[in-house]
Structures are given as C-alpha cells and as structure tokens.
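Heavy atoms only: backbone and side chains are in, while hydrogens, waters and symmetry mates are out. We name chains A, B, ... by the order of the sequence lines, and we start the count at 1 in each one.
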Amino acid sequence: MKTNKICAIIGNEHEYADLLPLTENRPLSTLYFDCKYRIIDFALSSVVNANVRSVFMLVNEGRVKSIFDHLGGGREWGLDSIGSYQYFSFYQDMVRKKAQGELPVGDIIDFLKAAKAPYTVYLTNKFVCNLDLRAVLKIHQEQNNQMTAVFKRAAANRIAPDDHILTLKKDGTVKHVKEFRKMSSKTEVYNLSLGVFIVNTEWLIEQLQNSQTLSLEEFLFNSLPQIKSSTYEYTGYVSNIYDLPSYYQANLDMLNSENYNSLLFSSHKVITRTKNEVATYFSIASDVQNSQIATGCVIKGKVANSLISRRTLVDNGAVVDHAIIMGSTKIGAKSQIRYALVDKDVTIDPGVKIIGQPDNLLVVKKNEHITANIHGGK
Amino acid sequence: MKTNKICAIIGNEHEYADLLPLTENRPLSTLYFDCKYRIIDFALSSVVNANVRSVFMLVNEGRVKSIFDHLGGGREWGLDSIGSYQYFSFYQDMVRKKAQGELPVGDIIDFLKAAKAPYTVYLTNKFVCNLDLRAVLKIHQEQNNQMTAVFKRAAANRIAPDDHILTLKKDGTVKHVKEFRKMSSKTEVYNLSLGVFIVNTEWLIEQLQNSQTLSLEEFLFNSLPQIKSSTYEYTGYVSNIYDLPSYYQANLDMLNSENYNSLLFSSHKVITRTKNEVATYFSIASDVQNSQIATGCVIKGKVANSLISRRTLVDNGAVVDHAIIMGSTKIGAKSQIRYALVDKDVTIDPGVKIIGQPDNLLVVKKNEHITANIHGGK
Amino acid sequence: MKNEMIAVILAGGQGSRLKDLTKDSAKPAVPFGGRYRIIDFTLSNCVNSGIYNIGVITQYQPLTLNNHIGNGASWGLDHLDSGVTILQPYSNKEGSKWFEGTAHAIYQNIDYIDSMDPEYLLVLSGDHIYKMDYDQMLQTHKEKKAALTVAVIDVPWDEASRFGIMNTDENNRIIEFEEKPAHPKSNHASMGIYIFNWQRLRSVLVNAFTKEVPMIDFGKNVIPFYIKSGDNVFAHNFSGYWKDVGTIQSLWEANMEFIDDQDGLNVRDRSWRVFSKNPIAPPQFITDTATVNASMVVDGCFVAGKIEHSILSANVQIKGGSLVKDSVIMPGTLIGKNVTIKRAIIGENVTIGDNAVIDGTKEVAVVGNGEVIGVKPDED
Amino acid sequence: MKNEMIAVILAGGQGSRLKDLTKDSAKPAVPFGGRYRIIDFTLSNCVNSGIYNIGVITQYQPLTLNNHIGNGASWGLDHLDSGVTILQPYSNKEGSKWFEGTAHAIYQNIDYIDSMDPEYLLVLSGDHIYKMDYDQMLQTHKEKKAALTVAVIDVPWDEASRFGIMNTDENNRIIEFEEKPAHPKSNHASMGIYIFNWQRLRSVLVNAFTKEVPMIDFGKNVIPFYIKSGDNVFAHNFSGYWKDVGTIQSLWEANMEFIDDQDGLNVRDRSWRVFSKNPIAPPQFITDTATVNASMVVDGCFVAGKIEHSILSANVQIKGGSLVKDSVIMPGTLIGKNVTIKRAIIGENVTIGDNAVIDGTKEVAVVGNGEVIGVKPDED
C-alpha cells in the first residue's frame, strides 16, 4: 500500500478539571499510562501503524511543552523522515483568525491540501485503545461513505457527560448524535463515539471552507447524521479518561491480563518514547505481586496491585499497594503508599505513610517532597 | 572533544516594523537569505558546528509555525538524535509566569540544569555571520571569564538604533554598553555587539534565579560591565538585518565573491533544510549574469545581479535585474522585475512590469498574483 | 516483520565498461544528471511505489555506495518498519562465499529476505535510468496469479539481438526466453526486473544449490527453469523512458537526454520525485563573465566560463575563458582558465589545469575520478 | 571530514567457544544483561568518550549485528558528522579478500579510515564488558608522544599466562610483549585496545603487505614490529571492571556479576550510560503467582513463576510453577509450566515445554537460539 492514502489530524479538545492536579502542567494527552506510555501514544501509534506519514496536531498554547518533550523530533514514531511531517497548530490561532475575520480552520485546510491524501482520519485525545485504522478505512471504502465514525458499546459508568452517543438506524448508519448528558432515555449500554472519524478529504476541505467552526470535533459530530456515513464498532479494550477514578481504573485495568494483551500485545505495537534504561532490579528481599513495572527501577520493598514507571526506587521495607507511581520517584525505606497516584519526580521520605481509600484516591503532585503522613478517608 | 561542554539558547527578541510585509507571517528568523537559507540557519549552524547538542529556542506564539516548518524534526542539523534536544519555549509563557508570581525564566533554568554543560552560549536572531563558537570558547576559558561577548567593528550606516555598542577599556574588557540611539559621541566605526555571549552556566543559573527579567538579552547586556568579562572581535563577514534596505543589501552582498566565500565557504558549513530539487535548467535562450540561483529553477529569460530561490520559473523573455526572488515564484514571459523583493509563491503574469528604484525597493507579498504593472519611484 | 513485497537491488557489479569512472566505486554509485547517483532512480522508484524495505547487494568497492545510501534517510527509508540494508559477502559455519551471479546472490541472502518475511520479492538492477511504478507490476503479477513476472520493454527490432528476449503468447505469458538471440522472434526485451513469489523462488534456489544444480543467474538459469517447470511466467509491459547506462557512450547519451527533459522521464514531476542525498552547499554563482545555455547546474557551482549543453554537478568550479560543451562534469571537479572540454565525462574531484583541451568529438572522452590534468589552476 | 580519533571495532569473530549461542550470529551480537548485546558496551564507551565515527569490521553472520546497529541512532551516532559503518569483505580491482587477522582487517579497510581522515586510530574488540574513557587513554598517548598505546589491566599472577603480557619500564614504556608466556615477567595484560598514530600504522601495513612481510595480527605481528622498530609504545593502565566474555563460563559469570551491580561496572550511572537498541514492548508483568528475587527483568516479560538470581531479557514469558535460578534467559524465549532451569544460558526465541528440567549445576548449561525443548507449552 502506498503511504499517502490517509493523513491524520489529532485534536486536543478535551481537558477535565476532575483530572487536576495531574493535568496542571500537562494536557490530558501526555498523562502517563501503564508505566511507560502517554495517552497520546495510542492515537499516534494507530496513525503510524496505518502507515500515515502526515500528521497535524492541534494543541493548546501554554500546554505544548509537555507534548514537544514527549515527541521530540518524532523519531520513535518514524515522523522525522523525509516525506513525513508533524504539523503543530494552536487552537488559539483559530480564535485569533476568527477575530480577524479570517477562516479559523485555514491552517487545517492548508495541511489537507499539502498532504494530498484522499482520506483524512480525525482522532480525539481521551481514549486509550489500539485501533486498526486500515480496517476502518476498508469499511469506509466498501460502504463508499463520506464519513465513517468509530464507536464502542460502553456501560454508563464509563461515559463522561460530554461524550457523544451515536444512535444508529437499522442499516448501521447514524440517526443522531447526542452528548451523553443530554440523553433522555437510559439504557445499559450506549454506542459511545471514540472520537475517531475517517472522512473523504475532498469533502472535508469543501465543508471547512464554508465553516466558521472552532471545534473540528463538533463540526464532525454535526455532519455525521446529515451525510452518507456509517459506523465501525471497535471490539477491543477501551478506556475513557475523564476524571481521577476513570484514569486510575484504566491503569489498574492493565493488571487484568486479558486487557493487557488486547491493548498491548495486538499485532499493532504501541510506540512510545524510548529511554535507555537498565533492567529493573529486584533485590533479594523484594516482594512483588500482581504489578507492572517499567525498566530502570530498583525494587527492594513490597509492591502489590500497582503500576510503577521508569527509574523509580522502592526502598527496603517500603510498601506500595494499589498505587500508580509515575517516573523517577523515590520511595523511602519503610514508607507506605496505598490507593494513591504519585506524579513524576516525587520524593517520599522514609517511614512516611500515604494512605488513600478505594473511593478516595490520594494524589501527590509532581516534584513534591513528602515528609509527613497523608491520610485520605471519608 | 566531548559534546556537552556548551548548550545554546537562541533568542528571537528582535522584530522590526521596517521589514514588513516580509515579516507579516514569519519571524525575522525565517526570512530567506541568499536563495536557500533562512536567517536562523546561521546561528543554528554555528551552534551545531561547535558540537552543541542541546538547544533552547525562545519563540513568539503566533509566529512559531514558520520556525517549525523550517526545522522539521531537526534532522538536517543533527538535532533529532539520541542525546540531542531542541526545546521550544514561548516569550508569552514568561509573561504569564511573571503575572502568576512565578519566576519568568523558570523554563530556561530547567533547561540549563538538564543540559549539564559548563558553558552556555546565547545567540540573537538578527545577524548573518559564520561564527566559530569553539574559538570564542577558547578565549573565554583562557581569560577565565564569567562572560565573553562577541562584537564586530561596524560603520554607523550598518547599525540599527536598538543595536548595542560596546565601549571597551584598554585591556579589552567592557567599560559600558549602550544602545546605538543613545550614543552621544559619533565616530566612524563602532564595536557592534553581535548578540552572542558565552557565559558560565553555573553563574547564569545563579543570576537568573534572582531575576525578574523578561529579556535575556537585556539581562546579559546589563551584566556585561559588572562582572569578569571580555570580548571577542569577529573579523568575518556580517550583515545586520533590521529594515528592507539592510535586508536587500545583505543579500546583494553575496554577489561579491569575497563575502560569499567568507560566509559560505568557510570550514564551517552553513546548514539549511534540504529539499529534493532537480538541477536548475538554463534554456538555450537564457541569459544569466552575476547572479546566484538555487536548485530546482527553470531559467529561460534574462537574469542579472539577482538572487533566485528554489523552484522559480523565469519564463521566455522575462527580465529579472537587481531583484531577490524567493521560492516557487512564477515569472511570466516578457515580464520585468527590477529592484524588487518578491516573496514566496508569487505569480507574475506575462508582460507585467514591476519596476522599483535603488532607493525605493518594491515588495511583492507572499502568494500574490500580479496582473498589472507596479512602478516605484520618488 | 511482515511485508507484502520487498526489493533487492543487485548493485554488485564493477561496471568495467565504464572504465575509470568505476575504478574506485561500483557502477550504481556513478553520478548522474548533476544531482544524482545512478542507483537513486531505482531507490526512488521503490519508495514511490510503496516499497519500504530494500536490500542492496554489493561486493565491489562499496564505500562510496555505502556512504551515499547511509541509513536511507534521503529516501525516507529510515522510517518505522522500513529500511535499506547493504548486503555484502560474509562467512558462516559452512564457510565463505562470494556472490557468483544474480541468483546466487539472492541465495546467499536468504536469511535477510526471510527476516523481512515477504510474500513477493522484487529483484532489480541498480544501473538503469527510468521511472516505473512497481506496484502496478505487482497488480499484474497478482491478477495473473504468476509465479514470476518479468518487466519487458519493446526495443527497436534491429537492437533486439543485444537483449534477453521474451516470447509471449496472446495472454502475455512468457513461453520462451532467449538470451541475445541472433534472430529474435519478438522485440520484447527483459528489463532485468522480476517479481517472484518468494516461497517458490526460495525452494527453487535451496533445492538447486543443495543438489548442485546450476542456478547462478536469473537470465541464464532461473527463468528457463521456471518456464520448463511449467510455472506461470508473465510479462509486464513498460513503455516509458528506460536507459541502460552501462557504457560510456550510453551514460553520456542518457545525461545529454536528461538536460532537456524531453525524453519522457519528466524529472520535475513532484508526484514522482527522484530522491538523493543532498550535499550541504551554497547556491550556484553565475558570474558576470559566464554564459550558461541549454545546461543544468546545481548547488555549490561557481561558473565564470561558457557552458553549452552540459551538466555541472555539485561544487564544480569553472574559471573564466573556459568552454564546456556537450559534457558532464561530476561533483567537486575544478576546471582552470581557458580550458576546452567537448563531448566528455569528467569524473569526481578532478583537477584540470589552465589551457587544457579535452576533445571527445570522435569518441566520448573520459577523465577518471581524482585525476589531475595539466598544471593545477592558479590559486588566485 | 577531519576527525581527531575514530574507532574501529573488530567484530568479525565467530566466537566458536560460545557454542550454539553464535551458530547464527557473531559474538558481539550475543545478548547480555537483559537489555544489551555485548557490543553495546564498546559502542557506548566510544560515544561517552566523544568518539562519533566508528567502523565495525565483521564477516561472520552479520545480519543480527547489522539489524542491531542499524544507522547507529540508538547510540546517537546518526548525528551530523558522525556515523557507524559496517565494514564487510568486498572485492576491488586487485581481486577479493577475506579478513585474515586483526591487522589485515584494518589493512583491507584503509579506504574507509582514510575517508574519515583521523589523526589517531582506536582499535577495539567487540567482546568485552567494561566502561572505559578512551579520551583519557588518548591524553596518555599524546602526553607520551607515543606511536602506539596499549591499554593494560593487571590480572592475577596465576592467570597471567593466559594473556598477552606487556613488560614495561619505569616510564610505562612497553619494552617487551609476550603472548601467553609460560613464565610471565609481569601481570600487565593487554586488553586488546590500541591507539595508533594512523599515518604511521598505515605506512607500516602498506609497506608490509606490499612486500609480503607477515603483518596479519596486532598481537603476533604489529606490536612486536613496533617494539623492534624503536617506535614509542606505551601502556595505559586501567583498573576498573573488565571481563572477556568469550566462553560460556565467563559469559555466565559476567551476567551473574551484573545482577547485583557490585562489580564496579556501576551500570545505573547516568553520566556514563550504556546505550542499546530499545525494543517496542509493554512493561513487565509480575503476576500474583510470581516471586522474583535478586534478579533483573526488563520490558515485555510476563512472569508467573519463581525467579531467583537470574536475568530475564525482553519478551521472556515464564509460566506458573517454574523455577529459574542462577540463569540468563535471552530475548523472546517462552518457558512453560513447572520447568526447572538452574545455572543455564537459554538462547533467543527458545521454546521450553512444560515440566522440562535444564540443570547446569556441574557445567553451565546452554540452549541454542531458536531451539525447542520438550513439548510446546499449552496455548492456554
């Protein structure tokens, strides 16, 4: 298959106050996931695994640094090659353009024209899944659609109020699209849009040239019931990130080996930034069970039901249980961490206890130095 | 020599209204120079030729797209490798931080700490020169300075009002620094600062931690007379870009082979983005003299005393004289262009005349389609 | 890694008919058209056809070729799941072997091909100038359910006896192959471009070499064997510009045809770009004593003389009073004052002193890489 | 391109003493320490010492090594003016030659070295585990104005007769070299690391090979020749961790010493990182039936058994009820249920069926790459 069949636009429209303080200095896209990934790795891997080489990323000013730091030159994703491009554009530019009476989506149109791909895929930034875009494209082509939307059948407790639900006709096409909070009838499961759309580029350019929209996602959802479109049901593992419990649960889900295999051992590899880390060392006194650990760690204490990111030290006698530990954290001897999310570069002094509850997760902010006990409770 | 001796900060503090409309949608840094370069290539090449692998770029929001488009993943400059990083940060972030009561230069300090290089070079964005930073570093080390500033002896008519002039003591150290417009005594030549400083990183971090400055350049100039510092006189070709005539002249300077050799055939190559272009074709009827031409052009008409960028067509019978033609421009048959700067992607219809004067240069804006004559004159 | 089709480029030949131009590098590394080396056309065809894993088999003086290809970045081949691998002779537990022919070279590199796990293997030569969509050929191969598809081009009848000629039936099936026939039955010449079903070719080669049946060359052994075995062998017709540049005369001709770009190669078509390693060099400088007509000139050239219907490659300098006509000057060559060069190919990094005359009017003149002719030009 | 010093790594050897571990790849490509291949230590030493142009000379089964090194990006060697070049046998106008010894391999690659134009040539082996700053050695070389500097390490006296022994004077000048002396006069063993003034070595080699004087190996021929010719030959003393991993026993020992990182190698020191090609793999999964102690585990591993004082490399799976003790499991290997492995090195992509027992208590056990032992584990 030649490469320029699809070009990709990755949006960053979703941010949730309920994810603070983890998203204080980074967008949702660069939240850690399962020890070594960031949320954006999943969308980006889907894109590059489909041999897409032109990627347009819409980002927010003031939050772009974290994305650049993660992507670097794009080497790991093969986006630093001749004929491959990452374009960055800012939502704020769209607002500025609109204010100046210009077409807000002008940069997007320029990108689509330069990429010269007959199909465009749009991906949102909040779902973790391993989607085969070539399979979606095939359906899109066979159905001869203008647009194909990807959804997952999901339970109500895994849907955020601002997520979009697709109501389908009998023939599988879209009857209407509604935000979840506006759904009147309640059922067990919903057709949750995964914010992924394949559209015909020519049609998209034409529509955007007459559009004043500031939200590409809104524009796509609005168009969906009005044109020749159908849907693709994704059957693999998905998690939907919109608040601390959903984020915590998505990570813990990986300790179920069915989820772990579905997401990370499919034939499409999930790519992330590589670091040169030494193998993780387990001391003779260490005690680790039902946990996932990235490389570069030194484990001397007890770890259970937890996810531990790169270059973390768990010192002698420390206990980490039901916790998510992000990179380069130092967990002092005989300290205890339970039901907690510990951000990057944290230092926890020896003997300190950080004890959350299943329904009251504690969060330790990036770069903090914890010297005294923290207890969460009702 | 091991690589992490120096890290670099490239600033983008200078923008001039007198360069409009060429800088309407791009910063001064990405103005074309001599057919295939951009102004920033010179600072960046000095940096990578000195084996510097950590580069911090301070840019302005809203103008960053042009820089990203030019740098891509940094491949051509070798900045996409393991252990090499480009960091981007925004001046606007500094303002935001200051408003929030944080240290405005926090990102710079983070970079300096991560780079772990004993020396830091700062380079401004407005001078075109081919500087050997290793030679400057050697002087800096031998003199055991905190800071070493680079200057060039320059005539008054090649200096902008906001440029800084160094007044030296007999021992070569800096007595004081003044903006050119504030100089009271007039002389033939001045010690024009080239906006390049090598400083000891440790000292810089210490100073910045107590500084509320929003301009690194101002901070460096203010510090210069107060600490152990000296100067390095650069003796090669320099041009100073601050208005249309200076920009035009800097380009035309390249038609003097002494300047051309000094700047572009030194032992330190100037690197720019590579494009896969076909060799430039000169038709049997073409007539080219005293001109420089990038690859990918098709020349069928007459070209004299001009600089022509990549993928330009000069059609049959057209005349280009004393002009700067930027990339991908189509110059129609029998048209005439004299004393003009024609930006990228312009189309000039057959027979059209664009006639400026040596003291009244015409500018054709990017993407314009010129269908009627334009005459400039007093 | 699973690939539908990978390519192997046979770039091993010395190209001795190119005389001094290949004394220190292989034929595919010879400069072409001012901006390229010969192999760039084949590599770019691969990339433009969507083939991203390429082995380059070489054993003669590979340093220039290796430097040129590098990590494949110039062709976008350093991408994820893509790559260009230089394959040179090596030893294993069974001993050490040089590549003895085109098919033997494939046999020796079975491990590489297996590691790419392709369904189809595209075999190419590295010494032709052309643009071709190998993906179209693959479609032919799949439609015909062929075991082997050979690309053919119709050559003038009076030249047919210089080629390997394919005689085809009404379905374009190849029913006979004749190497350089005295009395050709058709004018369908093999372009030396093959698509094989890899598993079939693999077993043919392994079987033959195990039993010491000769299976050294594709033309001599493999194609006749396929036809005899009743394998489906089809022709894929190609009708664009295609030129073998294996001799001085043909290399010179191809360069001359390239200048005016009226040969159908359409080199400025950006939808099928020819990629190459770009040198770091300033723009070309045409001084006020120069005249340049019907010529191609690239970055880094400094021209003070008269250039007529010629190609100047990167970093060539030509001083005042000199004439270069109907000639190709390869990269880095310096030409002094009042020099005359006609119908010549001047190699890389040559130095030609003032007043020299190189006249290839009778037979195209050649100056080998690095030679110094006459007195060195003044360093003024 | 002008370089002060470039490095050439001699990675040609088969390493037949590593038995089945090198049946399909060269010794420097053998995995080490869970995360690395042996050559990573030498390559990383180069990069950390500021040497950015490296030739890797190889002729035995180079595919794995080539794939591993690729364009050098993993070591930051795809930087501007830097690079790693694989040097394999090739033919030229004089014919075709295999590399017959260490010095002969350098002789055959003079063109590559000349193209880098170094003042000094660093010659390395690709089969030692150590961290060393070659830049310090270069400073010694320059201070002493040596023509050749040899890195030496003091070995226990009772082992000295297994090494090339350097006898030095009070200035550390080497006055005598003895290859594996029965009665060693010193315990200064050569580490097989040499810095040569390139122009001098070049002329020594060219002169010898032109006149057919034997100059095949550095140890046997070149060093004795230098000493005899009165060239300045100095020793550079090294005292850190250094281990030859040329035998199964020493490879196993080096891995065991690596686990606790108490051997002075200090592998977690990020100011002298050991770089390697990083596979794409998820985090390791230690299930609730696993116990892991005094061990090293990397990405992609799935552990349900008991791991004691062992190294698991990328993508190793160990099912429930199995015990792995004092062993090294190389990448991609699958181990079934209730398996016992003690004092063993299990190669790459091995499959070990349920209930198998591999016991190397007497002599370290080895399972070669790709082997299948016992019944395949259930696909449950």
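In this structure, chain D has a heavy atom under 4.5 Å from the backbone of A:Val270, while its side chain stays farther away. Only the side chain of D:Arg35 comes within contact range of chain A, with heavy atoms under 4.5 Å apart. Contacts between A:Leu263 and chain D at a heavy-atom distance below 4.5 Å are absent for every atom of the residue. Contact annotation for D:Ile311: neither backbone nor side-chain heavy atoms come within less than 4.5 Å of a heavy atom of chain A. Heavy atoms closer than 4.5 Å to chain A are found nowhere in D:Val303, neither backbone nor side chain. Interface remark: D:Asp261 contributes no atoms to any contact with chain A (heavy atom separation under 4.5 Å). Of the two parts of A:Arg310, neither the backbone nor the side chain holds a non-hydrogen atom closer than 4.5 Å to a non-hydrogen atom of chain D.
With values rounded to the nearest 0.5 angstrom, A:Leu307 atom CG is found 9.0 Å from D:Phe285 atom CZ. Rounded to the nearest 0.5 Å, atoms CD1 (A:Ile284) and OG (D:Ser295) are 9.0 Å apart.
For D:Asp299, the salt bridge (charged side-chain N to carboxylate O under 4.0 Å, His left out) criterion is met by A:Lys36, not counting sequence neighbours. A:Phe127 pairs by the ring-ring contact (aromatic ring centres under 6.0 Å, His included) definition with nothing, not counting sequence neighbours. By the side-chain contact (heavy atoms from CB on, under 4.5 Å) test, D:Thr64 is found to be paired with D:Ser25, D:Ala29, D:Arg37, residues two or more places apart in sequence or in another chain being considered.
Residues of residues 285-298 of chain A lying under 4.5 angstrom from chain D, judged on non-hydrogen atoms, are A:Ala285, A:Ser286, A:Val288, A:Gln289, A:Asn290, A:Ser291, A:Gln292, A:Ile293, A:Ala294, A:Thr295, A:Gly296, A:Cys297, A:Val298 by number.
Residue A:Lys152 qualifies as enclosed at atom NZ: its count of foreign heavy atoms under 6.0 Å is above 12.
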**Study point:** Pair A:Phe282-D:Asn293, side-chain contact (heavy atoms from CB on, under 4.5 Å): steps then yes or no
**Key:** CA-CA 5 Å; A:Phe282 297 79; D:Asn293 292 107; 5.9 Å; no
